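All of these numbers come straight from a predicted model, not from anything done at the bench.
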Amino acid sequence: MSTDDHVFRSVRAALSLYVGGALPEDLHGTAEAHGLPTDGWVFPAESATISDAGRDLPTDLLTLGGLLLDQARQAGVTQLVPGDPGWPAGTGCDLLPCLWVIGDADVAGLLREAITVTGAAGGTAYGKQAATDMAYALATYGWTVTAGAAAGIDAHAALAARAAGRPVLLVAANGLDQPHPAELAALLQDVAEHGAVVTAFPPGCPRSRARWAVQERLLGSITRATVVVEARVTSRALLTAQAAAQTGRIVCAVPGPITSAWSAGCHRLIAGGSARLVILAADVIAAIDPPVVPDNSEQPLFQITGTASWDEGRWHSRQVPEFLVRAASHRDAADRGFEVVFAANPHAYATFDAGVVGPGGVYQAIQITTG
């Protein structure tokens with residue numbers, strides 16, 4: 001490692017200790033010299049300066065950064081900085097001094113086709129099953145599921161993606177040498193072996209409210225889309241949805257019972273127009289990459305609804321939300337509807353029992369089956 005590289009890595013390691021709090025005034029010039037903003041969600045000006053009172057830390061940035069890098073090496077944690085092969089350029093990570101990683105250091109590769117699935121830290125049986133079904137299907141379609149290193153909806157999403165045999169990326173709100181709840185230990189170890197656990201915070205940093213906020217905003221700004229499954233109106237997952245919307249990503253939300261406070265945050269996102277209502281993984285994928293439909297304004301609009309069924313080792317069946325397509329006939333509309341519903345479905349056996357309403361309110365029931 002050259003002297004310049006050592007200095008660059010050490011300074012960024014030291015600056016990462018302040019992420020989540022206001023950066024001290026005397027460090028603004030250093031951060032700006034590294035192309036880092038000195039406010040915003042990384043260094044929120046309205047927050048107190050982050051400090052770890054129980055740690056005897058040097059004030060010199062090079063010495064402090066060297067100490068943090070030594071601690072990382074001892075804990076098996078890799079520092080990732082801009083310019084490294086695995087740095088995820090073009091994501092919210094560009095605003096961070098560095099990333100700290102356990103597992104696959106090719107974070108850019110993991111995030112190339114990735115979707116965040118997040119939600120309540122608790123959650124109901126309905127929410128956990130919905131997150132499991134969503135994440136398993138997304139992983140089966142080849143997407144990397146990204147979630148918070150937290151119990152509840154995020155943990156169930158990660159477990160489902162791993163059950164599908166795909167790598168997972170988890171984002172933590174603490175240094176990676178810090179203890180996690182016992183129920184997450186096995187999951188984190190498995191993800192580190194088959195994917196990566198990443199954080200914005202160096203070794204020695206415990207979880208805190210400010211660091212949770214950074215984690216949530218990072219989750220929303222590193223993947224193609226964010227899916228919120230169960231969230232109260234005060235849930236941190238709404239910060240993830242907000243970050244995704246602010247950075248031009250797709251935001252989706254899974255509805256729940258209208259009587260459930262656990263889904264009230266999702267319903268607020270949908271009602272406010274900031275999130276698309278999704279039920280199936282195919283809905284999310286279609287939102288990211290809408291199927292190409294010939295632009296022929298002379299063709300009439302057809303209303304499509306119905307039931308999608310497919311074989312994944314066991315038979316699944318889901319109601320499809322109403323949507324519109326332009327087509328030449330009822331049958332053509334059903335065919336195009338099938339393409340929308342199963343836009344990324346790789347399974348050999350699939351059926352769409354479509355209800356098609358055309359011009360003048362004429363209705364036809366049409367079944368399309370493959371396999």
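Side-chain contact annotation: D133 with Q129, donor-acceptor N/O pair under 3.5 Å present. If you check the side chains of Q364 and R331, you find no donor sitting under 3.5 Å from an acceptor. No hydrogens or angles considered: a donor-acceptor pair under 3.5 Å links the side chains of W100 and S16. A donor and an acceptor atom, one from each side chain of T351 and Q367, are nowhere located under 3.5 Å apart.
Counting only residues at least two apart or in different chains, ring-ring contact (aromatic ring centres under 6.0 Å, His included) contacts with residues 10-41 comprise F8-H34.
Contact check for H6 versus S10: side-chain heavy atoms found under the 4.5 Å cut-off. A heavy-atom distance below 4.5 Å is not found between the side chains of F338 and I366. R249 is not listed as a side-chain neighbour of R224, based on a closest heavy-atom distance of 4.5 Å or more. Contact of the I368 side chain with the D335 side chain is registered, since non-hydrogen atoms from C-beta on lie closer than 4.5 Å. Side-chain contact between C205 and R211 is present, with at least one heavy-atom pair separated by less than 4.5 Å. Using a 4.5 Å cut-off on side-chain heavy atoms (C-beta onward), T78 and I102 make no contact. With contacts defined as side-chain heavy-atom distances shorter than 4.5 Å, the pair F323/D283 does not qualify. Here the side chains of V362 and V357 are not in contact, with every heavy-atom distance at 4.5 Å or above.
Between the CG atom of L239 and the CD atom of Q246 there is a distance of 9.5 Å, given to the nearest 0.5 Å. The line from CZ of R112 to CH2 of W143 is 12.5 Å long, rounded to the nearest 0.5 Å. Here the CZ-CG distance, from R12 to L68, works out to 15.0 Å after rounding to the nearest 0.5 Å. For the atom pair CE of M134 and OG1 of T132, the computed distance is 11.5 Å after rounding to the nearest 0.5 Å. With rounding to the nearest 0.5 angstrom, the CD1 atom of I222 is 14.5 Å from the CZ atom of R217. Atom CD of Q79 and atom CZ of R73 lie 9.5 Å apart (nearest 0.5 Å).
Using modelled atom types, no side-chain atom of E230 and backbone atom of K128 make a donor-acceptor pair closer than 3.5 Å. For the pair S263 (side chain) and C266 (backbone), a donor-acceptor distance under 3.5 Å is absent. A donor-acceptor contact shorter than 3.5 Å links the side chain of T199 to the backbone of N174. For T240 (side chain) and E216 (main-chain N/O), a donor-acceptor pair under 3.5 Å exists by modelled atom type. At distances below 3.5 Å, at least one donor-acceptor pair connects side-chain atoms of R166 with backbone N or O atoms of G142. Panel note: side chain Q215, backbone V171; a donor-acceptor pair is recorded below 3.5 Å. Of the possible donor and acceptor atoms, one in the side chain of D154 sits under 3.5 Å from a partner among the backbone N and O of G119. Using a distance-only test at 3.5 Å, with no hydrogens or angles considered, no donor-acceptor pair links the side chain of D190 to the main chain of L187. The main-chain N or O of G256 is never found under 3.5 Å from a side-chain atom of S260 such that the two would form a donor-acceptor pair. With D106 contributing its side chain and G86 its backbone, the two residues share no donor-acceptor pair below 3.5 Å.
The nearest pair of heavy atoms linking A225 to I288 is CB-CD1, 3.7 Å. In terms of heavy-atom proximity, L219 sits nearest to G148 at CD1-N, 3.7 Å. Of all non-hydrogen atoms in R336 and R326, the two that sit nearest each other are NH1-O, 2.5 Å. Across every non-hydrogen atom of V356 and A334, the tightest pair is CG2-CB, 4.1 Å. Minimum interatomic distance between C93 and L99 (heavy atoms only, all atoms of both residues): SG-CD1, 3.7 Å. The shortest heavy-atom contact between G90 and D94 is N-OD2, 2.6 Å.
Under the 4.5 Å side-chain heavy-atom criterion for grouping Ile, Leu, Val, Met, Phe, Trp and Tyr, I115 is not connected to V251 through any hydrophobic cluster. Note on V107 and F201: same hydrophobic cluster, where clusters join Ile, Leu, Val, Met, Phe, Trp and Tyr whose side-chain heavy atoms are under 4.5 Å apart, directly or indirectly. Hydrophobic clustering places L36 together with L80 (ILVMFWY residues linked when any side-chain heavy atoms are closer than 4.5 Å, directly or through intermediates). Following chains of ILVMFWY side-chain contacts shorter than 4.5 Å, one can reach V42 starting from V11, so the two form part of one hydrophobic cluster. Cluster annotation: V278 is not connected to L324 through the hydrophobic network of ILVMFWY side chains, with a link wherever side-chain heavy atoms come within less than 4.5 Å.
Surrounding CZ of R207 are more than 12 heavy atoms belonging to other residues, nucleotides or ligands, all under 6.0 Å away.
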Going through the checks in order, is the side chain to side chain contact (heavy atoms under 4.5 Å, CB included) test met by V197 and V101?
CA-CA 6 Å; V197 184; V101 184; over 6 Å; no
Would you please test L96 and C98 for side chain to side chain contact (heavy atoms under 4.5 Å, CB included) and show each step?
CA-CA 5 Å; L96 297 173; C98 61; over 6 Å; no
Go through the steps for V77 and D177 under the test side chain to side chain contact (heavy atoms under 4.5 Å, CB included), then give the verdict.
CA-CA 8 Å; V77 177; D177 63 337; 5.5 Å; no
Run the side chain to side chain contact (heavy atoms under 4.5 Å, CB included) test on T118 and V227 for me, step by step, so that the C-alpha distance in whole Å, both residues' side-chain angles and the decisive distance to 0.1 Å come before the verdict.
CA-CA 6 Å; T118 189; V227 183; over 6 Å; no
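The hydrophobic cluster containing L269 also includes V228, L238, under a criterion of side-chain heavy atoms closer than 4.5 Å among ILVMFWY residues, counted directly or through chains of members.
Contacts of H330 classified as ring-ring contact (aromatic ring centres under 6.0 Å, His included), with partners at least two apart in sequence or in another chain: F302.
Under a 4.0 Å N-O distance rule, the pair R9/D84 qualifies as a salt bridge.
Screening T116, T91, T146 for a side-chain hydrogen bond (donor to acceptor under 3.5 Å, both in side chains) involving T223 leaves a single residue, T116.
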